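Input: a single structure, listed below in structure tokens.
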Amino acid sequence: MPDFIPYEHVSMTDEEQMHRAESFYQLCRRRRSIREFSNKPVPRSILETIIRTACTAPSGANKQPWRFVVVTDPELKRKIRLAAEAEEKQSYEHRMPQEWLDDLAVLGTDWHKEFLDVAPALIVMFSIPFTTEGERTRKNYYVKESVGIAAGFLLAAIHNAGLAALTHTPSPMDFLQRILDRPENERAFLLIPVGYAQEGTRVPDIHRKQLDEIVLWR
Ligand code: IYR
């Protein structure tokens, strides 16, 4: 028999539930991806706590198939920037179809990734599709779903702590495995610069879909 322990339910009144649902929504709706960071450092203890929060995410068979590499070393950040820019330059100039470039036009992005140098911390999330124990290889389950959910928790925790971030996806991302010296079973999943917005930074004037565009009640 597996070990079970009592579930600790947080009990609330209806009003409290409504209030908390609303205030969490009001917090989350102000989250934006930013691309201009100040270089003000973030205390390591905050980074530790937001990563602990990310790791409260559910995962397939509780395998927790994720690794977080936190890069604050300026030389390493520079290496990552240069490698990311080399890939992104190829992508923007040769690999991305016109339709994709058109979709990105509203975001004002290009291959320059200065934020990789400037942001005080880069959290690189790796997924772990399998582990090896001696001769044996064991596959993890629902790896992308699990790491994606953890990334969502991480972004919410970053925002809740008064920090800002970008979910950056240089493509292809295998240079991160190499530069950060990660083993074969760790695959770069997301590159998340974290810090504070540069004074006066602006964000694209884009909007979230209305509930009636995305929800069906049956
Ligand atoms: N990875 C590139 C391009 C890019 C792609 C999507 I989809 C975005 O939402 C934003 C950017 C870059 O980071 O510039």
Side-chain angles (χ1 to χ4, degrees), residues 28-39 42 50 54 57 66-74 76-127 129 143-159 163-180 182 186-198 200-210 213-214:
C28 289
R29 71 193 291 264
R30 293 198 304 274
R31 187 202 56 77
R32 293 297 308 258
S33 294
I34 61 148
R35 291 183 170 77
E36 290 170 294
F37 289 82
S38 94
N39 62 3
V42 177
I50 62 181
W66 43 61
R67 162 89 56 217
F68 299 79
V69 180
V70 184
V71 182
T72 55
D73 175 56
L76 212 42
K77 285 195 294 175
R78 167 135 293 237
K79 255 194 195 164
I80 290 172
R81 174 185 174 177
L82 293 176
E85 285 185 333
E87 291 294 358
E88 292 289 271
K89 192 165 192 298
Q90 283 303 310
S91 293
Y92 276 89
E93 291 179 358
H94 306 293
R95 295 194 283 237
M96 285 151 75
Q98 192 54 44
E99 188 179 336
W100 193 350
L101 295 170
D102 293 345
D103 278 337
L104 293 184
V106 285
L107 304 181
T109 57
D110 61 26
W111 64 264
H112 296 92
K113 303 298 171 193
E114 196 186 1
F115 52 76
L116 295 174
D117 256 343
V118 180
L122 310 177
I123 300 181
V124 189
M125 279 184 85
F126 288 85
S127 67
V143 171
K144 286 198 168 140
E145 291 84 349
S146 303
V147 185
I149 296 168
F153 278 37
L154 182 71
L155 293 170
I158 289 169
H159 177 62
L163 297 166
L166 174 68
T167 29
H168 180 40
T169 50
S171 176
M173 259 196 280
D174 19 316
F175 66 88
L176 290 165
Q177 195 181 24
R178 187 171 31 80
I179 293 176
L180 298 173
R182 299 316 305 151
E186 293 187 15
R187 307 282 157 80
F189 183 77
L190 279 179
L191 173 44
I192 307 178
V194 182
Y196 301 89
Q198 192 185 86
T201 195
R202 288 150 63 91
V203 292
D205 187 15
I206 51 177
H207 300 275
R208 296 187 170 109
K209 290 182 180 173
Q210 295 296 309
E213 295 176 80
I214 55 167

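We count ligands from 1, going down the list as the structure has it; atoms in each ligand are counted the same way. Remember, it's a predicted structure, so these values are computed and weren't measured experimentally. Counting from 1, the numbers follow the sequence of the chain as shown.
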Checklist entry - For ligand 1, which atoms, with element, lie under 4.0 Å from some heavy atom of T169? => result 1 (N)
Item to check | Taking atom 3 (C) of ligand 1 as the reference point, the nearest protein heavy atom with its distance | outcome: Y92 OH, 3.4 Å
Checklist outcome for this item: min-distance protein heavy atom vs atom 6 (C) of ligand 1 -> L104 CD2, 3.6 Å
Next on the checklist: Does this structure show an ion pair linking E85 with K89, if we count only N-O contacts that are shorter than 4.0 Å?
Outcome noted: no
Next on the checklist: Between the side chains of R95 and E87, is the shortest nitrogen-to-carboxylate-oxygen separation below 4.0 Å, so that they form an ion pair?
Outcome noted: yes
Below 3.5 Å, N or O to N or O, backbone or side chain included: is there any such pair between [X] and ligand 1?
X    : result
E88  : yes
T109 : no
W100 : no

Checklist outcome for this item: Any heavy atom of L107 under 4.0 Å from ligand 1? The part involved is side chain
Let me have the donor-acceptor pairs involving side chains of residues 166-178, under 3.5 Å, with sequence neighbours excluded, atom names and distances please.
from, atom 1, to, atom 2, distance (Å)
Q177, NE2, P183, O, 3.0
Q177, NE2, E184, O, 3.4
Q177, NE2, E186, O, 2.8

Checklist entry - For the side chain of R29 and the backbone of R208, is there at least one donor-acceptor N/O pair under 3.5 Å apart? => result no
Next on the checklist: Would the distance check show the side chain of K77 and the main-chain N or O of A119 forming a donor-acceptor pair, the cut-off being under 3.5 Å?
Outcome noted: yes
Checklist entry - What residue pairs, at least two apart or across chains, pass salt bridge (Lys or Arg N to Asp or Glu O under 4.0 Å) with a residue in residues 97-112? => result none
Checklist entry - Taking the minimum heavy-atom distance to atom 14 (O) of ligand 1, which of K113, M173, H168 ranks first? => result K113
